[in-house]
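Note: hydrogens, waters and symmetry copies are ignored here, and every other heavy atom, side chains too, is used.
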Amino acid sequence: SYLSARFFARAPEGALRPSAPAQESGPAPKASATPDVSSLSAELSAVLDELIQARTRASVLAKALFRTRIDIHVRRRAEDQVRHAALHDVLTGLANRHLFLNRLEQMLYRLSRRPNSSFAVLFIHVDRFGVVNDSLGHTIGDQILVSIAQRLRQCVRPNDTIARLE
């Protein structure tokens with residue numbers, strides 16, 4: 001294991017080292033019967049300090065990676081919110097004119113490729129809505145528009161497009 005390899009590699013000569021095979025040129029040196037405890041303790045302490053430092057570095061890196069993943073997630077959410085705001089009406093959440101025209105282009109392209117397919121566009125204009133805003137205030141007018149948007153959403157399929165073309 002890593003710990004035993006490091007420990008034995010740093011142990012003082014003759015202290016708990018595995019014995020090497022005897023050489024033919026002479027007798028093998030004798031290992032001392034009692035290892036030097038203070039040097040072994042110092043070596044073990046040094047190895048443990050290195051392990052603690054390695055664990056600390058790994059922990060710091062793991063925290064940094066976690067923060068980076070959160071930062072990426074936050075950035076993607078912000079980009080999605082900007083994209084949604086660019087294509088939808090702020091008040092009602094319906095598609096805006098730009099998204100509506102894009103979807104209309106897509107449908108016209110599909111129609112050119114599949115002549116037997118069809119689609120419909122329904123335009124609803126709320127007459128004299130300015131009178132509602134002038135008499136009841138813009139807050140009530142906004143609430144009415146949000147209510148109309150919610151009711152229209154209930155009348156169509158999830159993939160259909162409802163747009164507010166102010």
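Surrounding CG of Asp127 are more than 12 heavy atoms belonging to other residues, nucleotides or ligands, all under 6.0 Å away.
Side chains of Thr92 and Asp89: a donor-acceptor N/O pair is present below 3.5 angstrom, by distance only. If you check the side chains of Asn102 and Gln106, you find a donor sitting under 3.5 Å from an acceptor.
Using a 4.5 Å heavy-atom cutoff, the side chains of Arg69 and His73 are not in contact. Counting heavy atoms from C-beta outward, Ile72 and Thr68 have side chains that approach closer than 4.5 Å. No side-chain heavy atom of Phe100 sits under 4.5 Å from any side-chain heavy atom of Leu87. The shortest distance between side-chain heavy atoms of Asn96 and Arg164 does not fall below 4.5 Å. Looking only at side-chain heavy atoms (C-beta outward), Asn133 and Val131 stay at 4.5 Å or farther from each other.
Both Leu145 and Val156 are members of a single hydrophobic cluster when ILVMFWY side chains are connected at heavy-atom separations under 4.5 Å. Note on Leu136 and Ile148: same hydrophobic cluster, where clusters join Ile, Leu, Val, Met, Phe, Trp and Tyr whose side-chain heavy atoms are under 4.5 Å apart, directly or indirectly. Both Phe129 and Ile162 are assigned to one and the same hydrophobic cluster, defined by single-linkage of ILVMFWY side chains at heavy-atom distances under 4.5 Å. Cluster annotation: Leu122 is connected to Val126 through the hydrophobic network of ILVMFWY side chains, with a link wherever side-chain heavy atoms come within less than 4.5 Å. The hydrophobic cluster containing Leu101 also contains Leu108, counting ILVMFWY residues as joined when their side-chain heavy atoms lie under 4.5 angstrom apart, directly or transitively.
Atom OG of Ser112 and atom CE of Met107 lie 11.0 Å apart (nearest 0.5 Å). One finds the CD atom of Glu166 at 10.5 Å from the CG atom of Leu94 (value rounded to the nearest 0.5 Å). Rounding to the nearest 0.5 Å gives a distance of 13.5 Å between NE2 of His138 and CD of Gln143. The structure places CG of Leu104 at 11.0 Å from CG of Leu99, a figure rounded to the nearest 0.5 Å.
Contact check on Arg157 versus Asp160 returns a salt bridge, with a Lys/Arg side-chain nitrogen under 4.0 Å from an Asp/Glu carboxylate oxygen.
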Does the pair Asp142 and Ile140 meet the rule for a side chain to side chain contact (heavy atoms under 4.5 Å, CB included), with working shown? CA-CA 5 Å; Asp142 288 350; Ile140 300 296; over 6 Å; no

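Taking all atoms of both residues into account, the shortest heavy-atom contact from Arg153 to Gly93 is NH2-C, 3.5 Å. Closest of all the heavy-atom pairs between Leu111 and Ser117 is CD1-O, 2.9 Å.
Ser59 contributes no side-chain N or O that, together with a main-chain N or O of Arg55, makes up a donor-acceptor pair within less than 3.5 Å. Of the possible donor and acceptor atoms, one in the side chain of His88 sits under 3.5 Å from a partner among the backbone N and O of His84.
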